[in-house]
Each structure stands twice: as structure tokens, then as C-alpha cells.
Student: 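Please read through the structure below; I'll follow up with questions.
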Amino acid sequence: MASATTLAHDAGIEDFAAMLDETLGADTGFAGSVVSGRVIRIDDDFAVVDVGLKSEGRVPLKEFAPQGQKPEVQAGDVVELFVERYEDRDGSIVLSREKARREEAWTNLEKAYQANQRVNGVIFGRVKGGFTVDLGGAVAFLPGSQVDIRPVRDVGPLMGSPQPFQILKMDRARGNIVVSRRAVLEETRAEQRSELIQGLKEGMILDGVVKNITDYGAFVDLGGVDGLLHVTDIAWRRINHPSEALTIGQPVKVQVIRFNSETQRISLGMKQLMADPWDGVAIKYPVNAKFSGRVTNITDYGAFVELEPGVEGLVHVSEMSWTKKNVHPGKIVATSQEVDVMILDVDEPKRRISLGLKQAQGNPWELFLEAHPPGSVVEGEIRNITEFGLFIGIGPEIDGMVHMSDLSWEEAGEAAMANFEKGQVIKAKVLDVDVEKERISLGVKQLEADPAAEVLDKVRKGDVVTCIVTQVQANGIEVRVEDVLTGFIRRAELARDRGDQRPDKFAVGEKVDAKVTAVDRAARRLALTIKGKEIEEEREAMKEYGSTDSGASLGDILGAAIRRRREMAGEE
């Protein structure tokens, strides 16, 4: 049984509630609902609103405008407000325009979600993993992957402007909404693509926007469908990378080159809308004419030179230098270098031009021949010594060769070469210039007169000369004639009788008479025979002193001839 004090306390509470209801009436039933109100006045940052209750409410002005925009509200405007609660006994109530908009927005969004309709919203903030979107009062989450069809580096231009979105997920109880801008774009793109492809034909000229750039070309958005603009179809001139001519977002005018209706692949071209620089190229660039160009590309087999934008020719490695053989083109020219070239051949149908770099510079052997005809004297440094001669530098890039046989009149080739060393500066006479074979023959000994020239002019085949033995060999003897000519007498030519044909019966320094059988003026060398001389002497003796047919012996005849010679020598 309750005490009297408890009953009195409960009765007091009920009386207080009754008094409150009598004071405020049924207004407390509006809490948590949306009501219409009229703006009475604007006080500082608040709007005073009459919602038909016993007292007025105050609503912050910032709740009357979307995120980031200025509020547009004034006295007399009728607005929807959410009644949050009564704050005190005076009947002051707390109103919210934002919650009213949110309630209204949620209702409309649920209808759109069920009908699979698009909704409009404004991206106004960034959060982890995506962005926040204002959907007319309700805040939704836009994942980063749902912003666009392709990844977007800068979302700044998209923020603050109304755009359509597709609701992917809604949960009113938790207050979660997930939207997608990408789904709208894909749907719109599919519609545009279908419409564009139906009327697409090769040769059509379209406007597009560069959407993406790769190493091999650029993808151009034609308005719902993308086409590939290959790097070779951007311009007639050589382009190494599409970024040299295009930028993302750049509007371009393109032509449909190829269209595959089955795969729906579209190939585009920009250069096809420009004049072809190869038209009439054979007239503009005649063979053997010289032009200036720019090196655009270097390969192992040569260098490409741009004569004008879109027109390139190839300088083959064999046409790059007169003197530098088997050298990589990159060591002769550099990319972007301005060079002079000569037109060697033009094949307009195949769009090929053969160029010569060395031809535009002049043949160094022709220039040398003009400046130094045979017989002239040059001076240069010995650049190399080989087993057969010396190479002398006689120009910036050309050498002349002195054969070992042209080093000295007196010494043999190998012995004469020992008198020279690499780096030594010497003079030489030009003997011959072969332009076609790119050879220059020089001589050092020719700087002086040949000491054997006078003797060579006198010696004839058949003459008998006195020789001095200089060397005894197994197959014959080396001799010297008048101290300027060399000669050789083979073993078989040493005597008439076979038993006397022995080289060892001769001694170095011994004098012998021999008959000249051949004269090699170039080598300054004689071929000699003692045997032939003896046979000739025997023939002459027999002719003068008798023959064996008359009864005289050969010894008698030769003895008489010898005595006759001695007598003549004694008389002298």
C-alpha cells in the first residue's frame, strides 16, 4: 500500500503535466514532423519563422542554401521546416531547414531509386576513398572508382556543378546513400556510341577530343565512342611520341581511315586532312641537287634527314663519309643536326629518297689530285708503318702510301724501313692518284735522281759487264755492276761445263765477267750469265782461228785465241 507522501508526489506530477498541456496546448505533438512556415524577418544570421504554433522559431541562414552557396531567403517566403523540439516553458521551438530538406530529399530519392531513375547532385567535398555529394539535402558517398569511366587525376573541375548520378545503394535507417557518376556516363556513352556507329563511314571527318595518349598513338573521344589515332597518322613529318603534337583534352579534327563494324574498332588520321608533301617530290628534289636538312633519326644502317616537314630521305652508312669506313652513323652525325646532302635517287611511288652526305662535301681524292698532281712534293706525318710500307697523313682524313721499294735507291725495302718511325714528318713525291680506288702512291727515293739511271741508259741486253761478287748462295751468286746495279747469276749460268757450275768456287769481292741477258729498269737489276759469255767466246774463236773440221783440236783453237788476246794486251 502506497504511502500518503508517494500518492501526493504522483498527483503533483500529473497536475504539472496538465498545467503544461493547458499552457502549450497540443503543440508538442508537432515534434519530429515537417511543417510549413512563413519567414517573418531576418535577424542577423537567423531567419525568424512562423509555423502556426504559439511561438516563433529561429533557423540559421546557412541552412537555406546548398553547400558552398549563399542563402537566398527573405521575409514572406514560405518554407518547409523540421520541428526538432520545444526548448523551454516559453514555448521556443527548434526548427531545421536542413533536416526538412533531407527528409524531403530522402523521400524523393527513394522513389527515384525504386524507379531506377537518375538524380541530380553536386560534389562538394572529399572523404577517404571518394567524395561527398549533395542530393538536394541528402548527403551521398561517391566512390573514387565511380567518378568517371577512366581514372581522373583532377576532380576540381567537377566539383560545385550540378551533375546526374545513379543511386547504387540506399539505407535510410543508417542514413547511407552510394551513388555513381560513371554509370550515367557509361549509359550515355552507349547511347551515343550506338547512334554514332550506325552512321559511321570511312572517309568521314569528325570532331573529337584527345582522351588518352600512349607510346603508339592517342585515343580520341568522338562523342560516345573512342577511335585510335596512330602516331604515324598524326602528321606527315616524323613524330617519335604523340605527346610531341598532342595534349590530353585537346580538340582535334580527324578523318575515319578504317572502321571495322564487327569489332567496332575505329582508326583515325589527322595528316590525311593536310596536303601530302610527297606530291611532286621528284620535281622539287632533282637528282644531284644539294639541299640542307635536319637529322631526325639515326639507325645502325644510316641516318634519316628531314628535307621539309613530312619529307625525309635516308643517308645510307656507305654514303656518309669518304674516309670513315665501318663507323656507326651516330659518330658522324647527331640528332637535330643541320647537314648538307645531295639527292642520289628519288622513288616517289615508294616515298623514298636516297641521300648522300659525303657527296655534298666533295671527294677528298679529287680535291687532292687537283691540288697535288703527280710529280708534286707533299709533307706529312707517318701515321702507320706496315710490313709493306709507310702511311703518311697528307690531309685531314686521307693518307698516302710509300711502298717499301720506293724508300731508297740503295738499300733494300726492309733495311730502308728501319730508318723511319711513327710520328716522323717526312717529304715525299706524288707518284699516282687513283680516285676510284681511293689510293695515293708516294715515293721518298724519287725526291732524288736515280744514281743508276745513267748506267741503265747504257747497259743493253747482250753486253758483257764486269761484276763484283757480293754474296754466294746455293742457287747462284749475287753481284754488283758499276757499284749501282745488282745482278744475279744462276747456278746453271756459272759455267759452260756442268762440273764447273759450283757457286762455292767464287769468293765475295771477286771480279767476274758476265753477259747481260735481261734488264729490269724498275728493279734496277740485271740477269747475267757466264755460261753464255763462254759459249759466245768459243764461237768467235772458232770462227777466227779455225774449226775442228780442218783438223785442229778445240784446245788448239782456244789456246791460239788466248795467246792472241795476251799479245794484244801486251801491245797495249
Student: Shortest non-hydrogen contact from P364 to T323?
Tutor: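 Minimum heavy-atom contact is CG-CG2, 4.4 Å.
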
Student: Does anything in residues 273-294 form a salt bridge (Lys or Arg N to Asp or Glu O under 4.0 Å)? List the pairs, not counting sequence neighbours.
Tutor: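 Applying salt bridge (Lys or Arg N to Asp or Glu O under 4.0 Å) to every pair that reaches into residues 273-294, excluding sequence neighbours, yields D276-R351, K284-E308, R294-E306.
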
Student: For residues I213 and I248, determine if any side-chain heavy atom of one lies less than 4.5 Å from a side-chain heavy atom of the other.
Tutor: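 Contact flag for I213/I248 side chains = yes.
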
Student: Any side-chain heavy atom of V254 sitting closer than 4.5 Å to one from L222?
Tutor: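 A side-chain contact exists here, since the closest heavy-atom pair is under 4.5 Å.
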
Student: Roughly how far, to the nearest 0.5 Å, is CD1 of I167 from OH of Y113?
Tutor: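 Interatomic distance, Y113 OH to I167 CD1, rounded to 0.5 Å: 8.0 Å.
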
Student: Is the closest side-chain heavy-atom distance between H241 and D215 below 4.5 Å?
Tutor: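 Yes - at least one pair of side-chain heavy atoms lies under 4.5 Å apart.
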
Student: I'd like to know if the side chain of S354 and the backbone of L344 have a donor-acceptor N/O pair within less than 3.5 Å.
Tutor: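 It does not hold such a pair.
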
Student: Could you verify whether a donor N or O on one side chain and an acceptor N or O on the other, from Q361 and D340, lie under 3.5 Å apart?
Tutor: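 D340 and Q361 do not have a side-chain donor-acceptor pair below 3.5 Å.
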
Student: Compare all side-chain heavy atoms of L355 with those of Y285 and state whether any distance is below 4.5 angstrom.
Tutor: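 No; the side chains remain at least 4.5 Å from each other.
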
Student: Restricting to non-hydrogen atoms, name the atom on V327 and the atom on V317 that form the minimum distance, rounded to 0.1 Å.
Tutor: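 So the minimum-distance heavy-atom pair works out to O-CG2, 3.6 Å.
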
Student: Which heavy atom in R237 sits nearest to a heavy atom in A245, and how many Å separate them?
Tutor: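 Closest approach of R237 to A245: NH2-CB, 4.3 Å.
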
Student: Measure the spacing between CD1 of I332 and CD1 of I298 and express it to the nearest 0.5 Å.
Tutor: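 Between I332 CD1 and I298 CD1, I get 9.5 Å after rounding to 0.5 Å.
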
Student: Give a yes or no on whether the backbone of K271 and the side-chain of W236 come within a donor-acceptor separation of less than 3.5 Å.
Tutor: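 Checking the backbone N and O of K271 against the side chain of W236, a donor-acceptor pair under 3.5 Å is found.
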
Student: I'd like to know whether V133 forms a side-chain contact (heavy atoms from CB on, under 4.5 Å) with I177, so could you lay out the CA-CA distance, the side-chain angles of the two residues, the decisive distance to 0.1 Å, and finally the verdict.
Tutor: CA-CA 10 Å; V133 182; I177 305 176; over 6 Å; no

Student: Under 3.5 Å, is there a donor-acceptor pair between the side chain of E312 and the main chain of T296?
Tutor: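 No, E312 side chain to T296 backbone: no donor-acceptor pair under 3.5 Å.
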
Student: Evaluate the criterion side-chain contact (heavy atoms from CB on, under 4.5 Å) for residue pair I123 and Q163; output intermediate values, then yes/no.
Tutor: CA-CA 8 Å; I123 302 174; Q163 298 176 70; 4.1 Å; yes

Student: Salt bridge check, D221 against K211: does any charged N sit closer than 4.0 Å to a carboxylate O?
Tutor: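 Salt bridge flag = yes for D221 with K211.
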
Student: Is any side-chain heavy atom of L158 closer than 4.5 Å to one of R181?
Tutor: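 Yes, at least one pair of side-chain atoms sits under 4.5 Å.
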
Student: Between A334 and V295, which heavy-atom pair has the shortest distance, and what is it?
Tutor: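 Of all heavy-atom pairs spanning A334 and V295, the closest is O-CB, 3.4 Å.
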
Student: Distance from S318 atom OG to N326 atom CG, nearest 0.5 Å?
Tutor: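 S318 OG to N326 CG: 11.0 Å, rounded to 0.5 Å.
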
Student: For K253 and D207, run salt bridge (charged side-chain N to carboxylate O under 4.0 Å, His left out): C-alpha distance rounded to whole Å, both residues' side-chain angles, the deciding distance at 0.1 Å, then the answer.
Tutor: CA-CA 5 Å; K253 190 175 290 292; D207 290 320; 2.8 Å; yes

Student: Applying side-chain contact (heavy atoms from CB on, under 4.5 Å), run through W322 and I398 and close with a yes or a no.
Tutor: CA-CA 9 Å; W322 290 107; I398 59 175; over 6 Å; no

Student: Can you check whether K437's main-chain N or O pairs, donor with acceptor, with W365's side chain at less than 3.5 Å?
Tutor: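 Checked: no pair found.
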
Student: Between the side chain of Q166 and the main-chain N/O of V184, is any donor-acceptor distance below 3.5 Å?
Tutor: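 Checked: no pair found.
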
Student: Is it the case that the side chain of R182 and the backbone of Q146 share a donor-acceptor pair, with hydrogens and angles ignored and the cut-off at 3.5 Å?
Tutor: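 Looks like no, no N/O pair under 3.5 Å.
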
Student: Which atom pair, heavy atoms only, marks the closest approach of F291 to P286?
Tutor: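 Smallest heavy-atom distance, with atoms named: CZ-CD, 4.1 Å.
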
Student: With the side chain counted from C-beta on, respond yes when K325 and E438 share a heavy-atom pair under 4.5 Å apart, and no when they do not.
Tutor: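 A side-chain contact under 4.5 Å exists here.
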
Student: Once you round to the nearest 0.5 Å, how far does CD1 of I343 lie from CG of N288?
Tutor: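 Output value for this atom pair is 9.5 Å.
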
Student: For R439, look at atom CZ and say whether over 12 heavy atoms of other residues, nucleotides or ligands are found less than 6.0 Å away.
Tutor: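 No - once you tally the heavy atoms of other residues, nucleotides and ligands closer than 6.0 Å, there are 12 at most.
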
Student: Distance from I266 atom CD1 to F219 atom CZ, nearest 0.5 Å?
Tutor: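 Rounded to the nearest 0.5 Å, the CD1-CZ separation comes to 11.5 Å.
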
Student: Okay, side chain of W278, backbone of K350: is any donor-acceptor separation there less than 3.5 Å?
Tutor: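 Not a single qualifying donor-acceptor pair exists.
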
Student: With a 4.5 Å limit on heavy-atom distance, are the side chains of L229 and L246 in contact?
Tutor: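 Yes. Closest side-chain heavy atoms under 4.5 Å.
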
Student: Please walk me through it: do N176 and K169 pass side-chain contact (heavy atoms from CB on, under 4.5 Å)?
Tutor: CA-CA 8 Å; N176 292 336; K169 181 180 179 182; over 6 Å; no

Student: Please examine the side chains of I382 and F391, heavy atoms only from C-beta on, and report whether any two atoms are closer than 4.5 Å.
Tutor: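 Side-chain contact under 4.5 Å: no.
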
Student: Quick check: closest heavy atoms across N120 and P164, and the distance to 0.1 Å?
Tutor: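 It is OD1-CA, 3.7 Å.
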
Student: From I353 CD1 over to L314 CG, what is the distance, rounded to the nearest 0.5 angstrom?
Tutor: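 Answer for the CD1-CG pair, I353 versus L314, is 11.0 Å.
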
